[in-house]
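In listed order, ligands and their atoms are each counted from 1.
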Amino acid sequence: MDRKEEALKLLDANWTGRFTKPSPNLYPHQWNWDAGFIALGNAQHDLSRVITEYRSLFAGQWSNGLLPHIVFGPPTGHYFPEQDFWQSDRSTFSPKNVQTSGITQPPVHGFILKRIYDKHSEDSDFIAFLKEIFPKLVKLHEYYYRDRNPLRNGLITIRHPWESGTDNSPIWDEALSAMQIDKDALPDFKRKDLQNPKAAGHRPTHEDYDRYVYLVDLFRRLDYDEEKINEQCPFQIVDPLFNAILTWSNEAIITLGDILQMDYGELIYWNEQTIYSMNELLWDEQAGIYHAWDAVESKKIEVHTHSGLMPMIGGIPDVDQVEQMIRRMTGPNFKNDETYYLPSYNLSQSDIDHEKYWRGPIWISTNWLIIQGLNRYGFDELADEVFQDTIELIHQFGFYEYFDPRRNVRNNGYGTNQFSWSASLYLDMLN
Ligand code: DGY
């Protein structure tokens with residue numbers, strides 16, 4: 001069987017009839033940004049599955065617009081935290097017939113649906129579906145600008161590392177370690193992710209999980225009240241990757257709105273604010289990369305990861321800035337003769353861990369994003385180099401969750417295998 005057939009088979013195997021599991025064991029429910037990336041693969045062969053997947057995800061949308069990071073299927077007992085732990089029915093906004101988490105994830109859906117539309121603009125069922133989902137997309141983006149925009153400058157904050165999608169990125173280290181946790185006051189919990197033998201050694205630490213749980217417990221104690229969370233949450237960070245994804249999706253929603261002749265409110269105004277503020281507050285001219293911002297401490301987080309290169313996708317930097325970013329990306333911090341593109345963390349940092357989740361390994365999703373960013377600015381040769389590396393990783397090792405950036409490592413795939421977005425983005429890239 002060739003890899004393309006394997007990818008299709010994998011997506012079939014992880015399909016539940018309502019949504020696609022990111023992987024059979026480690027992630028048994030529907031995840032927000034995974035659902036978007038997975039839709040791109042399914043769009044190659046089964047548009048009705050894309051529509052069902054998206055209807056399931058948006059059935060979990062809260063009435064204030066928040067699109068949760070997990071929409072749960074039936075409890076499995078194999079994942080922590082499941083619906084019982086989140087207690088999202090404490091919120092007046094959560095849907096009462098669908099079980100969800102109470103935090104969000106990067107809003108990829110605008111640009112993903114636009115990409116699918118570009119290939120299927122004649123499909124009347126898909127257009128009807130787009131018209132159905134469009135107001136929900138706008139409501140999601142309005143939620144960010146209303147409730148996650150503390151400085152009113154268009155920079156959106158995340159309030160939990162899980163909201164970033166890059167759970168244990170070194171960007172969060174300082175803010176997490178500054179959190180004073182009374183372990184005795186934490187609710188009882190038992191991690192399930194360590195039961196997966198292949199992934200166990202690469203997962204976040206127990207100290208990380210204490211903080212993850214502390215934050216969830218805080219949110220549910222506050223009944224998911226946005227104002228109270230904004231006042232009391234010790235972790236509020238502006239992440240370049242999250243904001244770049246938001247910006248690209250804003251742009252796509254504006255374009256789709258014009259095509260469909262549907263209302264997108266104040267989005268043009270807010271998008272300009274985000275772009276302006278990212279360049280004002282997050283651009284590091286000397287380093288040629290964007291950094292994150294700690295909105296609680298009002299200070300830069302000068303930890304450079306691949307997140308700082310992502311603003312290209314949203315057209316945020318000008319061409320001079322992109323040239324500087326490319327020098328950074330192709331230089332020793334992110335590339336050398338012995339490595340593949342694009343490690344999630346700076347190769348020359350002493351605390352890089354090539355095997356550990358978001359602290360060094362390569363991810364297919366972020367490689368896919370950087371390819372789109374480079375193409376946007378016409379750096380097609382470099383985009384092709386990243387593309388070739390990405391395809392080589394999959395051809396050699398399979399559909400792992402993440403990969404070692406070092407070329408001389410033999411068993412290079414880490415985390416869970418049978419990982420849906422690795423398969424679906426591979427299918428998208430081949431087309
Ligand atoms: C996990 O459980 O590892 C997820 O990334 C949280 O969303």
Side-chain angles (χ1 to χ4, degrees), residues 14 19-38 56-57 60 66-73 75-88 99-109 158-172 176 187 189-220 224 235 237 239 241-242 245 305 307 344 353 355-361 363-366 400-402 414-422:
N14 288 347
F19 63 87
T20 312
K21 292 184 260 184
S23 76
N25 301 314
L26 194 58
Y27 307 113
H29 300 286
Q30 185 177 37
W31 263 259
N32 179 333
W33 75 331
D34 293 71
F37 289 130
I38 290 165
S56 162
L57 183 68
L66 178 142
L67 189 65
H69 97 300
I70 302 177
V71 176
F72 289 103
T76 65
H78 304 310
Y79 179 74
F80 170 81
E82 286 195 320
Q83 39 270 64
D84 55 333
F85 195 85
W86 286 95
Q87 301 171 6
S88 57
Q99 301 291 316
T100 74
S101 70
I103 58 172
T104 188
Q105 238 179 4
V108 295
H109 309 296
I158 54 161
R159 52 171 68 135
H160 193 297
W162 287 339
E163 289 204 314
S164 68
T166 60
D167 303 359
N168 68 345
S169 163
I171 301 177
W172 327 129
L176 288 178
F189 71 96
K190 192 164 175 356
R191 292 178 69 169
K192 300 285 167 71
D193 55 322
L194 302 178
Q195 290 170 356
N196 186 306
K198 180 86 178 138
H202 311 136
R203 298 284 305 168
T205 63
H206 290 309
E207 287 69 31
D208 289 332
Y209 259 79
D210 284 349
R211 282 155 181 80
Y212 299 164
V213 164
Y214 171 84
L215 289 168
V216 173
D217 186 47
L218 174 69
F219 305 152
R220 63 186 197 179
Y224 295 97
F235 184 94
I237 289 180
D239 174 31
L241 170 61
F242 191 106
I245 284 177
T305 73
S307 170
S344 46
D353 186 334
E355 301 180 8
K356 201 161 185 184
Y357 213 33
W358 293 96
R359 304 183 71 89
W363 288 72
I364 302 303
S365 55
T366 42
Y400 275 94
E401 191 180 359
Y402 39 97
Y414 301 132
T416 180
N417 58 10
Q418 305 293 303
F419 193 58
S420 297
W421 85 28
S422 298

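Note that CZ of Arg191 and NE2 of His206 are 5.5 Å apart. Values are rounded to the nearest 0.5 Å.
Of the N or O atoms in Trp162, none lie within a sub-3.5 Å distance of an N or O in ligand 1. By the 3.5 Å distance cut-off applied to N or O atoms, Trp31 is counted among the residues near ligand 1.
Interface atoms of ligand 1 facing Tyr27, defined by a heavy-atom separation under 4.0 Å, are 1 (C), 3 (O). Using a 4.0 Å cut-off to heavy atoms of Tyr357, the atoms of ligand 1 that qualify are 3 (O), 5 (O). Below 4.0 Å from some heavy atom of His69 lie the following atoms of ligand 1, by number and element: 6 (C), 7 (O).
Glu401 and Ser23 share no side-chain donor-acceptor pair at under 3.5 Å.
Distances from atom 4 (C) of ligand 1 to the heavy atoms of Thr416, Asp167, Asp193, Asn168 put Asp167 nearest.
Under the 30°/60° scheme for interplanar angles, the aromatic rings of Phe37 and Trp33 are found to be tilted. The aromatic rings of His69 and Trp162 sit parallel to each other, their planes meeting at less than 30°, with 60° as the upper class boundary. Between Tyr212 and His160, the angle of the ring planes lies from 30° to 60°, which puts this pair in the tilted group.
For atom 2 (O) of ligand 1, the nearest non-hydrogen atom of the protein is Tyr79 OH, 2.5 Å. Nearest protein heavy-atom neighbour of atom 3 (O) of ligand 1: Arg203 NH2, 2.7 Å.
Residue Trp33 places every heavy atom at 4.0 Å or more from ligand 1. Using a 4.0 Å heavy-atom cutoff, Phe80 is absent from the residues neighbouring ligand 1.
Residues in residues 205-215 take part in these salt bridge (Lys or Arg N to Asp or Glu O under 4.0 Å) pairs, two or more places apart or across chains: Lys183-Asp210.
Contacts of Phe19 classified as ring pair (Phe, Tyr, Trp, His ring centres under 6.0 Å), with partners at least two apart in sequence or in another chain: none.
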